[in-house]
Protein chains: 2
Amino acid sequence: MDTRQKLLQVALNLFSRYGYDAVGVQTIVEEAGVTKPTLYHYFGSKQGLFETLVKEKSQSLLEAIQLASAYHGDITKSIKDVVNEYFKYAQAQPTFYRMILSLWFAPPSSEYSGVVQELLLEQTRLLEAMFEAAVQNHGNMRGRHQQYAVSLKGMIDTYIGLSFQGHIQLNDNVLNHKIVHQFMHGIFS
Amino acid sequence: MDTRQKLLQVALNLFSRYGYDAVGVQTIVEEAGVTKPTLYHYFGSKQGLFETLVKEKSQSLLEAIQLASAYHGDITKSIKDVVNEYFKYAQAQPTFYRMILSLWFAPPSSEYSGVVQELLLEQTRLLEAMFEAAVQNHGNMRGRHQQYAVSLKGMIDTYIGLSFQGHIQLNDNVLNHKIVHQFMHGIFS
DNA sequence: GATTTAATATACCGATTGGTATATGATTTT
DNA sequence: AAAATCATATACCAATCGGTATATTAAATC
C-alpha cells in the first residue's frame, strides 16, 4: 500500500477507536511509519486528512444509494433496496460507519462537523428525490419529502446502531421487510 | 449561584457547544470566573466534572421515565406516556440532551463513554421492565423485551434528533400519537 | 477563642497539541 | 544531463493540555 492510503487507513482506525479529537497527528504518523511533514504534504492539515477520508470512503455508499433510490413505480421496492444497501454498506465498512454515526450529532462548531453534515445532506437529497418522484402515484405524500427522507434515514441508522451494539443482526431479510413495512405504515396511516 | 453549580452550568454549555475533548479545563474555569484548583477541589478531575454533570442532570429524566413506564394494563398508554416524558425533557433540557445524543456512539475507549453508556443502560432497563410487565397480556412479546426497549429508545432519539435539526416539532400531539401507533404496529405485525 | 476544615488563588509541572522551516534524496519533465 | 517537482526526514515552534504543590483566606467545629 502506498503511503497516502496507509495514512488514511491508519487514521480511520484510530479516529473510529478513540475519536477525532483524542487522536493526535503524531500518533497517526507513528502508526503509519512516517513523519509529520509527510502527512502535511498529502493532506495539508489534520482536518484535511479527515475530509479526504470521509469523501473517499463515502463515495461508494452514495453511488449505491443513488442506484437503489431510483423510482420505477414501486416506492416500497425502492425503499427496500435502499435499506438493503445501507445495511450492506454498514456491514462492509463498520469502522467507517461507526465513526460517522458517532459524529451525527457532533457540535456544529467542531472542525469535523462540516464534512459529516455535508455527507448527511447528500444522502438526504437522494432520499428526498426518491419520495418526490413517487408523489405522482401517491398524492398524499406531497410536500413531505424531506420529513420522509430524514425519518427513514433515522430509522436506518437506529437499526445499524443497534447492530453495532450487538442487539440485532442486519443479515436478516425478515428484519429488512419489517422495517420497510413499519415505515410504510407510518406514512399511509 | 454557588461556585459548584456555576462550574457545572458552564461546563454543560461548553461541552454541548464544542464537544468534551475540544473544551479545556482552563476555558471552563475562566468562563466560570474561578481558577483551576477550585474545579479540582469540587470534582477531582475533568472526567469527574463530566460524570457529576451527567448524573445530576439525568436524574429527573430517569425519575420521570420510571413513573411513566409503570404498566397498568395498557401498554399503549405506557408507551405514549414514556414518549411524552422524553419529548418534554428534550425540550426542557435541549443542551444536555444534545450533548448526550452526540456521545451515544462515542468510542468506548473515550473517558466519557462509561458514564453515558451507564445512563443509557438505566433507561433501557426501565423500558425493558415495562415490556416485561406487559407480557402477561401480550404473550407474543415474550422474550423480546430488550429488543423492544432499544428500538423504542432509538425511535424516540431519532425524532428528538430531528427536532434539534429543525425538521420537526416535538410540541405535536399528533406526532406523538403517530409514533406510538407506528411502533405498536411494528410489534404486532 | 483556638483549631480544624473548606474554599480559593499564585505559580508552576512535564507532556502533548497542531503545525512548520529547512534540508535531502528520489523521481519526473524538459 | 539539467531542472524542476515530489516525497520524505530532522529538528524545532509557541500554545495548550490536564493536573498539582504550596499558600492563604473564610467558615465551621470544638
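Proteins come first, then strands; the chains are lettered A, B, ... in the order of their sequence lines, and each starts at number 1. This structure is a prediction, so every number in the text was calculated from the model and none was measured.
The side chain of B:Lys36 places no N or O atom within less than 4.0 Å of a non-bridging phosphate oxygen (OP1 or OP2) of D:dG19. Put simply, B:Thr35 has a side-chain N or O that comes within less than 4.0 Å of OP1 or OP2 on C:dA9. In terms of phosphate contacts, A:His41 brings no side-chain nitrogen or oxygen within less than 4.0 Å of OP1 or OP2 of D:dT8. Between A:Thr3 and D:dA7 there is no side-chain N or O to OP1 or OP2 distance below 4.0 Å. Under 4.0 angstrom from either OP1 or OP2 of D:dT8 there lies at least one side-chain N or O belonging to A:Tyr42. Considering only side-chain N and O atoms, B:Thr38 lies under 4.0 angstrom from the phosphate OP1 or OP2 of C:dA9.
The shortest distance between side-chain heavy atoms of B:Gln123 and B:Leu61 falls below 4.5 Å.
Checked by atom type and distance alone, the side chain of B:Thr95 never pairs as donor or acceptor with a backbone atom of B:Asn13 at under 3.5 Å.
For the pair B:Glu30 CD and C:dA9 C1', the interatomic distance rounds to 14 Å; values are reported in whole Å. Rounded to an integer number of Å, the gap from CD of A:Glu111 to P of C:dT17 is 14 Å. The CZ-C1' distance, from A:Arg4 to D:dC6, rounds to 14 Å in whole Å. As a whole-Å value, the separation of A:Gln26 CD from C:dT20 C1' is 14 Å. Nucleotide C:dA7 holds its P atom 9 Å from the CG atom of B:Asp2, rounded to whole Å. Rounded to a whole Å, the CG atom of B:Leu39 is 9 Å from the P atom of D:dG19. Rounding to whole angstrom units, CG of residue B:Asp21 and P of C:dG18 are separated by 11 Å. Nucleotide C:dT17 holds its C1' atom 12 Å from the OH atom of A:Tyr20, rounded to whole Å.
When heavy atoms are screened at a 4.0 angstrom cut-off, A:Val23 is found touching the sugar-phosphate backbone but no base atom.
Of all nucleotides listed (C:dT20, D:dC17, C:dA9), C:dA9 comes nearest to the side chain of B:Val34. Of the candidate nucleotides C:dA9, D:dG19, C:dG18, D:dG19 has the atom nearest to the side chain of B:Lys46. When distances run from any side-chain atom of B:Tyr40 to the nucleotides C:dT10, C:dA21, D:dG18, the shortest one goes to D:dG18.
Among all heavy-atom pairs drawn from B:Glu51 and B:Val115, the shortest one is CG-CG2, 3.4 Å.
Between B:Tyr97 and B:Tyr86, the ring planes are perpendicular. Angles over 60° get that label, and only those under 30° would be called parallel.
Judged by distance alone, the side chains of B:Tyr20 and B:Glu111 do bring a donor and an acceptor atom under 3.5 Å apart.
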